[in-house]
Number of protein chains: 2
Amino acid sequence: MALSFQQNFKLGVLGGGQLGRMLIQSGIDFNIPFSILDPDEHAPCATLAEFHHGKLTDYDTVMKFGNACDVITIEIENVNTSALKALAQQGKKVYPQPEVIELIQDKRTQKAFYQNNGIPTAEFILVQNAAEVKANASFLPAVNKLGKEGYDGRGVQILRSEKDLDNAFDAPGLLEKLIDFDKEISVIVARNEAGEIKTFPVVEMVFHPVHNLVEYLFAPADLPESVIKEADAIAKTIITKLDMVGLLAVEMFVTKDGKVLVNEIAPRPHNSGHQTIEANITSQYEQHLRAILNLPLGDTTLVLPSAMVNLLGEADYSGLAKYEGFHEVAKLPGVHVHLYGKRITKPFRKMGHVTIVDKDIARLKKTADFVKQTLKVIA
Amino acid sequence: MALSFQQNFKLGVLGGGQLGRMLIQSGIDFNIPFSILDPDEHAPCATLAEFHHGKLTDYDTVMKFGNACDVITIEIENVNTSALKALAQQGKKVYPQPEVIELIQDKRTQKAFYQNNGIPTAEFILVQNAAEVKANASFLPAVNKLGKEGYDGRGVQILRSEKDLDNAFDAPGLLEKLIDFDKEISVIVARNEAGEIKTFPVVEMVFHPVHNLVEYLFAPADLPESVIKEADAIAKTIITKLDMVGLLAVEMFVTKDGKVLVNEIAPRPHNSGHQTIEANITSQYEQHLRAILNLPLGDTTLVLPSAMVNLLGEADYSGLAKYEGFHEVAKLPGVHVHLYGKRITKPFRKMGHVTIVDKDIARLKKTADFVKQTLKVIA
């Protein structure tokens, strides 16, 4: 079969951030022509592909953009799904499907989906406003989540006791039992149009205690084989039940008694899959492209143990970004720095990430620590 | 130390072919802004960076292009070195240095350089024209090479006996004793401004018997340790004697009695280093960037055995390229297809390459064979 996406083809991506940037970087191998839509004219993708400046949540903007593309995908969930549905109805391929994006956009429908499909997740109560949160004081300690537009730790807070209730979000959301977890893990799973499904090996996350962003990530996860198998099976079940085409990141808790509970899902390349660029035979970015272009899925085998460190803007700096410690870090064996092309740094802005590969796991973790302490984004 | 190439910086590349394309792809990681000059407005780099359409051999074009850049490099040797020298004199960083490019542009000065520096190479005679070739009939069997503008097998021919003398090139060139070699190998070596030097592991090449293009490449080379050490040492000696900054590919013969002789060198990323993208910790492209931007050189360790197959346009097809067998090849574990973004295929045009990684070397070679037989560029 000859490749159909080689000539007179355009892959549209809603969102032009770092995930889109690494998608373009991967797509160069298959000679895929990209078209990007993003509200920021200086977005990380702006100089690497055909670029359109516009709002992802605006119906007309998304319609006009999508109409000029052959296949449309996303690198961020907060997009106008009505436009995507209309585009799909007109015969455009939209992957992941708009219905899946819509379901995932709202953490309330996400939770209902788990419940309706027998997928293990933390016990929860849906709430409409702050008053309803306060009415459920007996459910504490709990995590209070906004239904919509939470991202990178925004719209998520822990309510430990009644005195925290004053902070309750006053918008539709949910209260979720605070899980006394042992570990947070992630499985990235892909499915193509033909229904082929492949998972990446389980990875283990360490979160920053205050900012609620992934700080470290290790692969392979250090867990009993039974837990690994359970997590892998859950990811496959979810993508199957969603009948989804594309890449899905499934974040899960492993409880102290070894149960696996789904936390959240994201239907796109994910922060917890960056290290696949260096550490696995196929990267999550290439896998996403394979899935949505109906190519055979790639081999996800882990080649070397890896760690991934997010590179966030330092707390006290805003302005033109500078990278302190770059040389010190670049000279270490197995260290791969990825900068996202953002001119301006802000406190805790995701400016890049660093992947470390090393067959010696103890040394790997030591290098990850060194990278974290040494490489700083200042202004 | 803060990175200086992050803001208000431009890396100029003379040439916008596949080597430039993979250089840009790698440079995305370090957020390097590229500017490309190429005579073909549809060059593989044209859509991936700031692109200038113009002749690489024209003094004024190269001067104008280079004046707008901070560091200037090449991805092809056939460029105007007078302009590069003038740019260097004005304080621009030009790596590799124009003098090195000039020396390598002419196979006659290349050979003289080996001779003057005690670097082992096949015995040779410099010739001015066809008459001088014919006058050296007693030197046959020999390889007749044009001094300048030979590339990918052009400007190189074997003269086995007197009846071949009618084909002798009628331009300045050389006659080189035909080496009865056991293997052709390559070592890629890098050197930065600070003088740090690192080599990639030796790779082994198999050439197409007619078209004189690399057809297969295997790493690691299956050779005695003493030969490996000798080849590695020769590459380091050459880059040191050239006082060169950048990446240098050193192609060598291993004779049947185990001697290593230098064949040719190229001061840039090279066909024999494509597989480093997947198979080594650092790719040749990142290493080139590290060398010319005076970053510490990267770890060149081979992670997995690899094979590289060039993807050439089929003999009987010209026109809009189609890729037959793409799906069959893409579904094999460890197979990485790289297409170069060339719309038009022509007989034997380099349209892409495929890297295969596999810890099992026998299976690796079998997969390489399958890829070669299955993936075809037609029109």
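In what follows, every chain begins at residue 1, and chains take the letters A, B, ... in the order their sequences are listed.
When side chains are defined from C-beta on, A:Met351 does not count as touching B:Asn31, because their heavy atoms never get closer than 4.5 Å. Contact annotation: the side chain of B:Asp29 never approaches that of A:His336 to less than 4.5 Å [non-hydrogen atoms, C-beta and beyond].
With a threshold of 4.5 angstrom between heavy atoms, B:Leu304 approaches chain A through side-chain atoms but not through N, CA, C or O. In this structure, chain A has heavy atoms under 4.5 Å from both the backbone and the side chain of B:Val337.
No other option in A:Leu297, A:Ile281, A:Leu332, A:Asn294 has as many heavy-atom pairs under 4.5 Å with chain B as A:Ile281. With chain B as the partner, the residue from A:Leu48, A:Thr301, A:Thr47 showing the most heavy-atom pairs under 4.5 Å is A:Leu48. For the set B:Ile24, B:Asp299, B:Ile277, B:Val335, the entry with the most heavy-atom pairs within less than 4.5 Å of chain A is B:Asp299. For the options B:Lys359, B:Lys376, B:Lys331, B:Glu50, heavy-atom pairs under 4.5 Å to chain A are most numerous at B:Lys331. No other option in B:Glu278, B:Met22, B:Arg290 has as many heavy-atom pairs under 4.5 Å with chain A as B:Arg290. Of the listed residues (B:Ala330, B:Gly334, B:Gly298), the greatest number of heavy-atom pairs within a distance under 4.5 Å of chain A belongs to B:Ala330. Between chain B and the residues A:Gln25, A:Lys342, A:Arg21, the most heavy-atom pairs under 4.5 angstrom are made by A:Gln25.
Rounding to the nearest 0.5 Å gives a distance of 12.0 Å between CD1 of B:Ile28 and CG of A:Leu339. Interatomic distance, NE2 of B:His327 versus CG of A:Leu293, reported as 9.0 Å (0.5 Å rounding).
Within 6.0 Å of the CZ atom in B:Phe51, the count of heavy atoms belonging to other residues, nucleotides or ligands exceeds 12.
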